2 protein chains.
Amino acid sequence: MEIENAVAALSALAHAGRLSVFRMLVQASPEGLAAGEIARRLDVPANSLSTNLHILSHAQLVSSRRDGRSVIYSARHDSMATLLEYLMEDCCGGSPEICGQLADTVLRSRCTEEGHA
Amino acid sequence: MEIENAVAALSALAHAGRLSVFRMLVQASPEGLAAGEIARRLDVPANSLSTNLHILSHAQLVSSRRDGRSVIYSARHDSMATLLEYLMEDCCGGSPEICGQLADTVLRSRCTEEGHA
DNA sequence: TCCATAATTCCACTATAGTGGAATTATGGA
DNA sequence: TCCATAATTCCACTATAGTGGAATTATGGA
């Protein structure tokens with residue numbers, strides 16, 4: 001991942017409105033939500049939301065597909081993973097015991113009900 | 001974690017210069033680096049770097065301690081973990097198989113040399 | 001074709017963030 | 001005390017991001 005992509009993704013998330021949208025889409029994975037439904041739930045004007053969804057799309061954090069008159073947005077887990085990997089890069093080279101712990105804290109706690117292959 | 005804290009952390013990282021500093025500190029964990037050493041390695045003016053370190057500190061992404069005439073900065077893994085957890089929150093409630101996969105992709109690849117307890 | 005709903009784009013305005021030179025503060029050594 | 005090094009704060013200036021009303025575009029149904 002190039003630094004520009006990482007900055008674009010982080011900038012996209014560095015905004016209370018967009019972060020709320022993204023988290024809502026993470027929680028609505030993998031079905032996604034229509035733009036109108038998001039606007040209704042967060043009580044924001046449609047045009048502002050649209051701008052913010054565009055920013056999230058451009059940063060590749062969400063994808064969209066049209067379904068009739070609605071446009072359905074979903075979180076892109078692949079890009080999320082790439083971003084997190086970039087933030088942690090070479091963390092473990094120096095001290096695996098520290099970053100392994102971080103890994104556990106962050107993701108095991110919520111993701112291992114039936115997680116690893 | 002409150003959304004304001006998450007936005008502060010993400011905003012702090014959403015800047016090429018600060019992101020470079022943060023990643024350098026992640027890689028220099030847990031010893032950390034002196035401000036002057038960071039400025040030298042990244043070839044940035046001391047005052048700009050100082051401002052950026054202040055922003056990262058304020059967002060609790062780095063901590064500092066004085067050592068003689070130098071100030072040593074280190075990455076704060078605890079805050080990092082909290083932020084990542086916030087981003088992924090309730091991801092797994094809906095679809096553990098998807099988010100477990102994400103967890104694997106992101107962190108196992110680099111962190112399991114001797115990782116989990 | 002005509003209307004209603006859904007979403008996006010355009011635009012002007014306001015607010016916030018970034019930049020680096022110069023001055024200041026903190027510390028250690030002679 | 002005096003000097004050198006390290007880091008931070010101050011400041012004025014420039015650049016970028018956020019906002020929402022109004023207009024526009026896309027789609028489906030009658």
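Proteins get letters first, then strands, A, B, ... in listed order; numbering begins at 1 in each. The structure displayed is predicted, hence computed values, not measured ones.
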Under 4.0 Å, counting only non-hydrogen atoms across every strand here, what does [X] touch: a base, just sugar-phosphate, or nothing?
X	value
B/Ala39	nothing
A/Ser48	base
A/Arg40	nothing

- Mark yes or no for whether B/Ser20, through its side chain, and B/Ala16, through its backbone, hold a donor-acceptor pair below 3.5 Å. yes
- Message: For A/Gly68, is there any backbone N or O sitting under 3.5 Å from a side-chain donor or acceptor partner on A/Arg66?
- Response: yes
Could you check how far [atom1] of [X] sits from [atom2] of [N], rounded to whole Å?
X	N	atom1	atom2	answer
A/Asp43	D/dG20	CG	P	11 Å
B/Leu13	C/dA17	CG	C1'	16 Å
B/Leu42	C/dG20	CG	P	13 Å
A/His58	D/dA17	NE2	P	11 Å

- Check DNA chain D against residues 49-57 of chain A and give the residues with a non-hydrogen atom under 4.0 Å, in numerical order.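 Heavy-atom cutoff 4.0 Å gives no residues at all.
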- Query: B/Val71 has a side chain; which of D/dA7, D/dG18, C/dG28 sits nearest to it?
  - Reply: D/dA7
- Task: State which of C/dA7, D/dG20, C/dA26 makes the closest approach to the side chain of A/Ala35.
- Result: C/dA7
Interatomic spacing from [atom1] in [X] to [atom2] in [Y] - rounded to 0.5 Å:
X	Y	atom1	atom2	value
A/Leu49	A/His54	CG	NE2	13.0 Å
B/His58	B/Leu53	NE2	CG	14.5 Å
A/Met1	A/Ser79	CE	OG	6.5 Å
B/Met24	B/Leu33	CE	CG	7.0 Å

Whether [X] contacts [N] is assessed here as follows: a side-chain N or O lying under 4.0 Å from the phosphate OP1 or OP2. Is that the case?
X	N	answer
A/Arg66	C/dA6	no
A/Tyr73	C/dA6	no
A/His15	C/dT16	no

- More 5' along DNA chain C: A/Asn47 or A/Arg69, using each one's nearest nucleotide? A/Arg69
- How would DNA chain D look in dot-bracket form, 5' to 3', counting Watson-Crick and G-U wobble pairs with both distances under 3.5 Å and writing | for bases paired to another strand? ||||||||||||||||||||||||||||||
- Dump the intermediate steps for side chain to side chain contact (heavy atoms under 4.5 Å, CB included) on A/Leu87 and B/Met80, then the final yes or no. CA-CA 9 Å; A/Leu87 289 173; B/Met80 232 358 235; 3.8 Å; yes
- What one should report as the nearest heavy-atom pair of A/Ala59 and A/Ala9 is CB-CA, 3.9 Å
- Apply side chain to side chain contact (heavy atoms under 4.5 Å, CB included) to the pair A/Glu37 and A/Arg41, showing each step before the final yes or no. CA-CA 6 Å; A/Glu37 176 61 19; A/Arg41 291 197 195 178; 2.8 Å; yes
